[in-house]
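Sequence lines set the chain letters: A, B, ... in the order given, protein chains first and strands last, and positions in each chain run from 1. Owing to the predicted nature of the structure, the values given are computational and were not obtained by experimental measurement.
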Number of protein chains: 2
Amino acid sequence: MQPHYNLWIEIDGQVVLSLWRAELLRAVARHGSISAAAERIGIPYRTAWQKIHEMETRLGRKLVETQTGGSHGGGARLTPTAALYLEQFDRFAHDLDRFIAESFAANFHLPD
Amino acid sequence: MQPHYNLWIEIDGQVVLSLWRAELLRAVARHGSISAAAERIGIPYRTAWQKIHEMETRLGRKLVETQTGGSHGGGARLTPTAALYLEQFDRFAHDLDRFIAESFAANFHLPD
DNA sequence: AGGCGTTATGATCATTCATCATAACGACAA
DNA sequence: TTGTCGTTATGATGAATGATCATAACGCCT
């Protein structure tokens, strides 16, 4: 019996960032490509690309700088904007994670 | 640009309580029937009943005491167990709501 | 010139969720 | 006693979302 949560940010009712999306961006930054990030997380490349594209259009900002062709076939890396978003969101999520663990233990006691 | 969240509790990877489900239980308690609660929330009766049934089977406890037929056709009310769960969950959710508003304001500043 | 791994995007499939429809029930009134 | 009404309970269907498969384009390197 464990508490779970999700956290996301909306603009005009549309999700532009979430825990899962942040993890995706982090994986892109770490591996240098969308395809490697997708494989690492365990989702199809198509899904990863769609989510990133969705975030970009909703935010109206470029989050990932991509490049096709080349010695390793291409790649992707975060824009400075994306890196900043990600850093702030991670801090936020980290604080929340601690709070939830504490508050659940303090407030929630099962009846038998 | 606003933060949103969901909060739920799982047992063996299955959801047994969530913000939305808590609202449903609250509506049942307030209106005295599942159908009235469903109409109030704006979902079909079938959906409401399914969710409640799902919670009960997953928890292995009866949450809603129902009655068919009778002067008003029947009705439903929360069991003491459900009332206790609901009360604790609501307190938890309320604390979380305040924390998120504060933490978001403190941590999240947009680039331009 | 050809191969390779990547981005980009169309098309299809599956799974979940919402909705419609129907049966059973029991108090009350006629 | 019989019919009506609003509820619970459950089967069956439809819609929408998300995951997955398949294909084209690109550019460096051998």
Are more than 12 heavy atoms from other residues, nucleotides or ligands located less than 6.0 Å from atom CZ of B/R40?
no
Can you say whether the rings of A/F89 and A/F92 are parallel (under 30°), tilted (30 to 60°) or perpendicular (over 60°)?
perpendicular
Starting at the 5' end of DNA chain D, which residue's closest nucleotide do you reach first, A/S71 or B/G69?
B/G69
Whether B/F108 and A/Y85 hold their rings parallel, tilted or perpendicular, with breakpoints at 30° and 60°:
tilted
Let me know, please, whether B/G73 or A/T68 comes out on the 5' side of the other along DNA chain D by nearest nucleotide.
B/G73
Are any of the side-chain heavy atoms of A/V64 and A/T79 separated by less than 4.5 Å?
no
Taking all non-hydrogen atoms of both residues into account, name the closest pair between B/L63 and B/E56 and its distance.
N-OE2, 2.9 Å
Residue-level proximity of residues 33-60 of chain B to DNA chain D when a heavy atom falls under 4.0 Å
B/S33, B/I34, B/S35, B/Y45, B/R46, B/W49
Of the listed C/dC28, C/dT7, D/dA9, the closest approach to the A/T66 side chain comes from C/dT7
Expressed in angstrom and rounded to an integer, what is the separation of B/E65 atom CD from D/dA9 atom C1'?
15 Å
Regarding B/G70, tell me which of base, sugar-phosphate or nothing describes its non-hydrogen contacts under 4.0 Å with the strands shown.
base
Roughly how many Å is it from NZ in A/K62 to P in C/dT7, rounded to a whole number?
12 Å
In terms of heavy-atom contacts, B/Y5 and B/A93 come closest through OH-O, 3.7 Å
